[in-house]
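Some notes on the structure that comes next.
Computed from a prediction, not measured in an experiment: that's the story for all the values here. Letters go in sequence order (proteins before strands), and every chain restarts at 1.
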4 protein chains.
Amino acid sequence: MTARPPARSESPRRNEATRHAILDAALELVRETGHTRLTIEGIAARARVGKQTIYRWWPSKGAVLHEALVELDAADGHGAGDLPDSGDLRADLKSALRSAVAELTDPRRSEALRVLTAEAVLDPALAADYAAVLDRPGRNPIHRRLRRAQDSGQLAPGTDLAIITDLLRAPLRHRWLHGDTPLTTAFTDTVVDITLTGSGHPLPPTPPTPR
Amino acid sequence: MTARPPARSESPRRNEATRHAILDAALELVRETGHTRLTIEGIAARARVGKQTIYRWWPSKGAVLHEALVELDAADGHGAGDLPDSGDLRADLKSALRSAVAELTDPRRSEALRVLTAEAVLDPALAADYAAVLDRPGRNPIHRRLRRAQDSGQLAPGTDLAIITDLLRAPLRHRWLHGDTPLTTAFTDTVVDITLTGSGHPLPPTPPTPR
Amino acid sequence: MTARPPARSESPRRNEATRHAILDAALELVRETGHTRLTIEGIAARARVGKQTIYRWWPSKGAVLHEALVELDAADGHGAGDLPDSGDLRADLKSALRSAVAELTDPRRSEALRVLTAEAVLDPALAADYAAVLDRPGRNPIHRRLRRAQDSGQLAPGTDLAIITDLLRAPLRHRWLHGDTPLTTAFTDTVVDITLTGSGHPLPPTPPTPR
Amino acid sequence: MTARPPARSESPRRNEATRHAILDAALELVRETGHTRLTIEGIAARARVGKQTIYRWWPSKGAVLHEALVELDAADGHGAGDLPDSGDLRADLKSALRSAVAELTDPRRSEALRVLTAEAVLDPALAADYAAVLDRPGRNPIHRRLRRAQDSGQLAPGTDLAIITDLLRAPLRHRWLHGDTPLTTAFTDTVVDITLTGSGHPLPPTPPTPR
DNA sequence: CGGTAACCGAGACGGTACGTCCGGTCTTGAT
DNA sequence: ATCAAGACCGGACGTACCGTCTCGGTTACCG
C-alpha cells in the first residue's frame, strides 16, 4: 500500500466531515452519471469543497473512489474477517463467491468498482492500493480458508493455493468486467466444483447435480 | 462490432497509407509514453494527419487502438484459425495458453492491450468490438477445441464449455491485468491441469509431475 | 512595439467577429465591474469564447485592453494625425490638452485606461506597446507641433522638445492617475502657459487672464 | 489615511519584532522577484509568520509595502522636514529633484515603489495613504518652499502653487513610471528652469547654460 | 477530360477539466 | 490575546485535449 492516501486521524488537523462529504460525493456522482462525469471538479462542487482539499489528501480520483469503497465496506461490516468454516469447503467457497457476486452487483458499488478497476489497470500506484485493501476481503479469506483445508488434508498437499484462488476469483471478475451475461449462482457453483475437483478435493457423497 | 468504424476498403476513396500511418502512430505512442500521452491530437501529429481524418474513420481512440492490434495480429498471422488438434487436449490447451502469454507480454502489444482493455471496461461499444474481434482468436478456438473433445467423450457431456473456457482464460488475463507476478508456464499449465481434471478429463497415464 | 498582438489580418484564419467580441467584452467588463473582476475567464465567458482563443492571440489581459482601446480610438477617428496648426502655438496646445482631458474622462475609456496604465507600470512588454501606440496620439503630435514652432523661431532653438512635451503631458496624466481633484481647463491652460513662457515663447499681447 | 491599518504601538500587544520581519520580508521579496511573486503567503513564509498576523494589521499587500517604505525613509532620515532654504529658489528646487531621483533610483526602493504606485492607481484607499504619507516628503516640502518664495515676491503672486508643484514633480514621476530613458540631472534641472521662468521667477544673472 | 465531390493537412474555435496558486477566513495549540 | 501553522472554500490561472468547424489543396470518379 502506498502511503499517499493517509489513514484517518493521521493528521489531527484534517476535517472528518469534509472527508466524508468528498467520499459521498464521489460515490453519488459515479452512480448517477457514470465515469464520464466523474471529475475532481465535479466531486468538489458536489461536496461543496475546494479542489485543493481533494488534491491535498488524495493523489487521484481513483484513490478517492478507492477510499470511498473501503469506507462503504467498513460501514457494511464487509471487514477483513475470515470466511466461515463449516467444515464443508465446497459449500463455504460457493457461499463466498455468491457474496462476491452480491458485492459486484450492489448498485451502490457496481459502477464505482468498474471505474476503479479500469483506473487501476493503468495506474500502478492505484493498483497497489487496490490489491492491498480491496483484494483483502476477497483473496485473503479465500486463501486462508483453502490453507486450512489443505492443512487438514482436504486438498492435495503440493497444490499452489494462489492458483486455486485465482481459478475461483478470476472467472467471476472477468465476466463481470468484460462479459455481457448476468452472473448466476449456477456459474459460480460450477466454477467452485470444477476447481475443487480438479484440485483433488473429493466430491460430496450425493453429487449436487451441477446440471 | 459496432457499425461506426467502416471496415477497410468500404470506401474506395480512403487513403490506405494514411490509415496505416495513424495505426502505426497510435501503437508507437502508446508504447513510448503510455496511456497518459495517448491522445487523438498526439496521434494526428505523429502521423502527420489532420484530426478530422481520425474522427472521420474511428469513433474513439480505443477503436484506433483496437484496429491497430487487429492489424498487427493479421500481419503476424495470428488469425482466427483453429487450435491444432494433436489428439492430446491437455497439451493443446497448454500450448494455446502459452501462446496467449506470449501475446500479452509481447512488448509491441502489451501496453496497447492494457489501454484498450481499460477503455473497453468503461465503453460498451468498444467492449462489443473487443469481444467480437479480439476475443475470437482466444475464446472461439479454445471453445471449439473443447467442443471437439466433448464430442469425442473426453469431457463430461453436460459440462458448460463457456465456463471451462473462462476457467482457462480468466486467471491468465486477471494476473496480467491486476497482478504483479510474472506469467509463467507453470502457472498456465497448472490452470489447464486443474480445470481439465475437474471437468472429467482423465490425467495422462504418466503424470507430467504437476508438483 | 512587440510583435505579440498580431495586427489584424495577419492570419487569414483568424475570426474577426470573435476578435471583436473579445475586445468589446473586455471594455464592457472593465467599465461595469472595475479591475477586480477583469479576468481572462470573465472576458471569455462574456464574449462566449474559449479561453484558449484569448491566449492564442494576446499575451495578457493588458494586451487585450490595449488593443480594445486602440480599436476604440480608430473607430472614433482619434488617429495618429497631426495637431491642427493655426499658427498660434499656445492655442493649439491648449486645445490638444483639452482633447486629452476629454479622452481621459471619457466614461468608455477611463477605467480601461487606468487598468492598462497600472499594468503597463509592472509589465515592460506591455509598456512598450503602450508607448508605441497609445502614446502616439499624445506624444508625437505634440512633439511635431513643437518642432514646427521651433523651426519657425517661436521657441528657443536649443530647447529639448522631449522635455517640453513631458512638461505639457505629465502633470495632466499625474493628476488623472493619482490625484483626487477634477481636471479643469484652468489647470491645463496654466500648464501650457507656464511651460511655453518658460521655454521662450512670447506671451500674446492680450494676456489670457490665467487667474 | 484609511483607518484600517492601525499605526504602530496602537495596540500594546503587537509584537514589534514580528512587524519588522514582515516589512523586511516584503521589501526583500519585491526586490528579488518583482511584483509577480509578491504574495501575502510569500511574505508570511519569508517572515516566518502566520498569514493571519499580516491580515490582522494590514488591509492589503500594498499597505504592507507602503509601511515598509515609510519605515525605510524614517531609518534613512528622509523625514517630512522642510527643504533647505538657501535663498536661491532655483538651486533649492534642483537639489530637491535630484534627491527625488536618488530615491526613485535607490535599488532598495525602486521596485517596491513601482509596485506600490501601480496598486495605488487601482485602489483608492491605498491611494489616500500614499498621498498622505509618501507624498508628504515630496509635495509638501516643495509646496512650502514655493510659498515662501511667493511670499517674498520671487514668484508671480496669483500663481497656483499646486500647479507649479505638479509641473516640477510630474515629469519626473512620469518618466520614471512609463519611460525608458534614464533620469538625468540635465532633465530635472531643465524642468526646474522652464517651470520657474514660466512662473515669473527671474533667471540668475549668469545663466547656468541650460543648453 | 473536365467538373465536382470526397478526402486530406492544418488548425481555429467553443468548451471542459486539469492541477496549481493565492486570497481571505477559520481553527488549533503553544507562548 | 497574540502568534505560527496550516486546513479550508473559493476562484482565477494558464495548459491540454476534446470534438466540431472551416479553409485551401489534391485526388479520383464519372458524366
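Residues satisfying the side-chain contact (heavy atoms from CB on, under 4.5 Å) criterion with C:Thr53, sequence neighbours excluded, are C:Thr18, C:Ile22, C:Val49, C:Arg56, C:Trp57. Residues passing the side-chain contact (heavy atoms from CB on, under 4.5 Å) test with B:Leu29, sequence neighbours excluded: B:Leu38, B:Ile43, B:Arg46. For A:Leu177, the side-chain contact (heavy atoms from CB on, under 4.5 Å) test picks out A:Thr117, B:Val121, B:His178, with sequence neighbours left out. Residues passing the side-chain contact (heavy atoms from CB on, under 4.5 Å) test with A:Ala112, sequence neighbours excluded: A:Leu27, A:Val30, A:Leu65, A:Leu69.
We find that CD1 of A:Ile22 is positioned 10 Å from C1' of F:dC8, with the value rounded to whole Å. Between the CG atom of D:Leu29 and the P atom of E:dC22 there is a distance of 11 Å, given to the nearest Å. Remark: P of E:dG9 and CZ of B:Arg19 are 14 Å apart, rounded to the nearest angstrom. The distance between atom CD1 of C:Ile40 and atom C1' of E:dT16, rounded to the nearest whole Å, is 18 Å. Distance, A:Leu38 CG to E:dT16 P: 17 Å, rounded to whole Å. Between the NZ atom of D:Lys61 and the C1' atom of E:dG23 there is a distance of 9 Å, given to the nearest Å. If you measure from atom CD of A:Glu16 to atom P of E:dT27, you get 18 Å, rounded to the nearest angstrom. Rounding to whole angstrom units, CD1 of residue A:Ile54 and C1' of E:dC18 are separated by 13 Å.
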Are there any protein N/O atoms within less than 3.5 Å of an N/O atom in nucleotides 4-7 of chain F, and if so, which ones and at what distance?
residue	atom	partner	partner atom	Å
F:dA4	OP1	D:Arg48	O	3.4
F:dA4	OP2	D:Gly50	N	3.2
F:dA4	OP2	D:Thr53	OG1	2.9
F:dA5	N3	A:Arg13	NH2	3.4

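Remark on DNA chain E: of its neighbouring residues D:Thr36 and A:Arg37, the 5'-side contact belongs to A:Arg37, judged by nearest-heavy-atom nucleotide.
In this structure the side chain of C:Arg19 reaches within 4.5 angstrom of the side chain of C:Glu71, judged on heavy atoms.
Pairs of residues two or more places apart, or lying in two chains, never qualify as salt bridge (Lys or Arg N to Asp or Glu O under 4.0 Å) while including a residue from residues 111-122 of chain B.
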